[in-house]
Amino acid sequence: MNKGISIALVFGIIFAMLGFTALTVGLTSYRVAETSIRTAREIEIISQLNNMEFLKQSLRQALVYSFYQSSYDVAKVGGLSPGQYNEVKIWRNYETTYQPNYIKDLNDTTFEIFKEYVTALKDSIEIPDYILTSVKKIDDTTVEVNASSTGKLKLKGRFYEINDNPNVTDKIKIKTIKLFEIGKENFVDKDSIKETVEDAITSIGFKSSCSLTACGSCPSAEQVFSSASCNGMSTNQAKNLIKERIDEKTNELSNELTSVDVRTNIEVLEKQADIKSSCSDTIGNCCRPCEDGCCANYCTKTCTFRYYGAAKTLTSIMDTTKYPVYDGSNDLRNIQLKFYAISSNDYVNAKLIP
Amino acid sequence: MKGLIDIIIFGVVFTLILGFGTIFPYVELNTVFRAQTTIEYKYSSVSQALIVLLSETQQDSQTATIKPVIEIIGEYLSSDSKPDMSFINNDLNLLFKNKCYRFSVSSQTFGSGLCKEENVTITKNIVLPYNKQKLLGEIKLVGE
């Protein structure tokens with residue numbers, strides 16, 4: 001082998017080694033770069049997962065706000081009768097009662113408000129349409145609200161697609177359902193206004209049956225009523241007394257329905273009282289002592305009196321905790337259930353307030 | 001002999017070109033991706049810090065009830081009566097472990113001093129208490 005070929009061989013080997021080194025370094029760098037690309041993609045996915053998490057957090061809070069607003073709007077008019085959305089409802093008109101469908105009302109209103117939030121949040125993430133919400137009482141102070149959809153939350157990028165369950169559930173500390181239950185129990189299921197009027201009349205201790213004897217002509221029922229042996233006051237005074245007692249007893253009812261976390265105020269908007277009498281006369285013609293001597297003719301009038309009272313009330317049952325709601329402006333406000341009730345101690349004979 | 005020298009020179013040049021040509025692009029790519037990854041990592045960390053902050057619960061100074069921070073901030077942004085938000089500094093100090101941060105809600109800013117230029121800024125719209133005209137409000141978190 002000549003010298004030239006040997007040198008060429010040595011250099012050839014050196015070149016081959018250099019080439020191999022270059023190839024190795026190149027491949028390593030390629031792998032490093034590939035790993036970097038993968039890491040960058042993974043971190044981008046993590047970032048997008050954060051965005052998804054942020055969206056779910058926003059949807060959850062939107063559902064909470066929706067229920068706050070729904071509670072405020074539904075409670076302040078006592079329920080949502082079709083066509084009467086802005087008027088405070090009459091829950092009782094003597095024997096006729098309004099059956100508040102508060103779970104459905106709260107559910108429907110929460111859903112409508114939540115849809116507005118979903119529209120506002122639709123940005124880079126695809127949010128499906130929600131089909132319903134559900135409202136369920138857990139206990140007196142907790143309500144579970146759920147919004148569900150058949151679609152998925154979607155976030156698409158160049159090399160990824162993230163799907164997530166869009167259903168949102170939260171347990172909210174709020175007493176809206178308890179307020180409605182207190183109202184329904186006391187003014188629909190039973191008639192607390194009727195009981196209050198009865199109690200007011202009974203507490204005065206009016207006499208139900210009285211007699212009065214007079215010489216000559218028969219005394220009037222009014223005279224019988226106001227005589228010292230009967231009630232000792234005129235019927236007008238008696239009616240005013242009934243009205244005063246209705247106020248007093250209504251205040252007592254307000255206090256009975258007030259607790260640490262729920263405050264009740266029953267305002268008497270209108271009150272009426274009436275006294276009806278049924279009398280019979282007994283005429284005598286023998287000598288009978290009267291105030292001014294002895295008379296030949298006298299009359300004994302015996303009357304049975306019936307006492308009636310009626311009241312129209314505006315009841316307000318309030319959660320003492322405040323919530324951020326809108327009513328002309330945003331502020332912290334109490335959820336306050338309001339409704340009217342009209343009743344009397346006798347549905348047949350004492351519809352004194354039309 | 002002259003031909004052999006030519007071959008050697010050609011071989012060296014070829015190797016250098018091949019070597020640099022192979023290594024350099026990947027080294028550069030590696031550097032670029034490393035920098036990008038660092039930024040993405042920071043972005044992700046600040047995002048997570050924001051999510052954790054908003055999920056925490058604190059006592060609302062106005063109602064004396066425990067609420068998620070997102071709701072207290074929502075009240076701050078939507079209502080004239082502002083809740084006390086001094087707890088934000090304590091929460092963010094814990095989350096950023098004495099690193100720089102700056103959190104802005106409306107005109108109020110909470111911060112831990114000067115931040116470097118390479119900090120990440122996350123701007124998000126959070127949901128506000130219901131108002132048909134304005135359902136979302138902006139918050140901003142800068143962190144490293």
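Since the structure is predicted, the reported quantities are computational estimates derived from the model, not experimental observations. What you see below is based on every heavy atom in this structure, not just the backbone, and it leaves out hydrogens, waters and symmetry mates. Every chain is numbered from 1, with letters handed out A, B, ... down the list of sequences.
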Task: chain A contact via B:Ser78 - which portion, at a heavy-atom distance below 4.5 Å - done: both

Open item on the list: Could you report the tightest heavy-atom contact between A:Tyr326 and B:Tyr130, atom names first, then the distance?
Closed with: CB-O, 3.0 Å

Task: Student check: side-chain heavy atoms of A:Asn50 and B:Ser44 closer than 4.5 Å - done: yes

Open item on the list: Is A:Gln61 close to chain B through its backbone or its side chain, or both, or neither, when contacts mean heavy atoms under 4.5 Å?
Closed with: both

Task: Greatest number of heavy atom pairs closer than 4.5 Å to chain B - which of A:Tyr72, A:Tyr65, A:Tyr323 - done: A:Tyr65

- [ ] Any chance you could measure B:Leu136, atom CG, to A:Ser58, atom OG, to the nearest 0.5 Å?
- [x] 8.0 Å

Open item on the list: Keeping A:Glu116 on the side-chain end and B:Lys132 on the backbone end, is there a donor-acceptor pair under 3.5 Å?
Closed with: no

Open item on the list: I'd like to verify something: which residue of A:Gln57, A:Arg60, A:Lys173 has the highest number of heavy-atom pairs under 4.5 Å with chain B?
Closed with: A:Gln57

Open item on the list: Can a side-chain donor-acceptor contact be found between B:Ser47 and A:Asn51 if the only test is distance below 3.5 angstrom?
Closed with: no

Open item on the list: Quick check against the 3.5 Å criterion: does A:Tyr117 have a side-chain atom that pairs as donor or acceptor with the backbone of B:Leu128?
Closed with: yes

TODO: Could you look at B:Lys67 and say if it's the side chain, the backbone, both or neither that has a heavy atom under 4.5 Å from chain A?
DONE: side chain

- [ ] Identify which part of B:Ile66 has an atom lying under 4.5 Å from any heavy atom of chain A, answering side chain, backbone, both or neither.
- [x] neither

Task: Contact summary for A:Tyr68 and B:Glu71, nearest pair of heavy atoms - done: OH-OE2, 3.0 Å

- [ ] Check whether A:Thr321 gets within reach of chain B through its side chain, its backbone, both or neither, counting any heavy atom under 4.5 Å.
- [x] side chain

TODO: Mind listing the closest non-hydrogen atom pair of A:Asp331 and B:Ser81 along with its distance?
DONE: OD1-OG, 3.2 Å

Open item on the list: Just checking B:Lys99: does its NZ atom have more than 12 heavy atoms from other residues, nucleotides or ligands closer to it than 6.0 angstrom?
Closed with: no

TODO: Select one option (side chain, backbone, both, neither) describing which atoms of B:Thr63 are under 4.5 Å from chain A's heavy atoms.
DONE: side chain

TODO: Over all heavy atoms of both residues, which pair between B:Ile51 and A:Phe54 is shortest? Give the atoms and the distance, please.
DONE: CD1-N, 4.0 Å

Task: Nearest heavy atoms of B:Val127 and A:Ala62, plus distance in Å - done: CG2-N, 3.9 Å

Task: Heavy atoms of other groups near A:Arg333 CZ, more than 12 under 6.0 Å - done: yes

- [ ] Tell me, yes or no, whether the heavy-atom count around A:Asp139 atom CG, taken from other residues, nucleotides or ligands under 6.0 Å, exceeds 12.
- [x] yes

Open item on the list: Between B:Gln48, B:Lys124, B:Gln133, who has the most heavy-atom pairs with chain A when the cutoff is under 4.5 Å?
Closed with: B:Lys124

- [ ] Give, as side chain, backbone, both or neither, the part of B:Ile70 having an atom under 4.5 angstrom from any heavy atom of chain A.
- [x] both

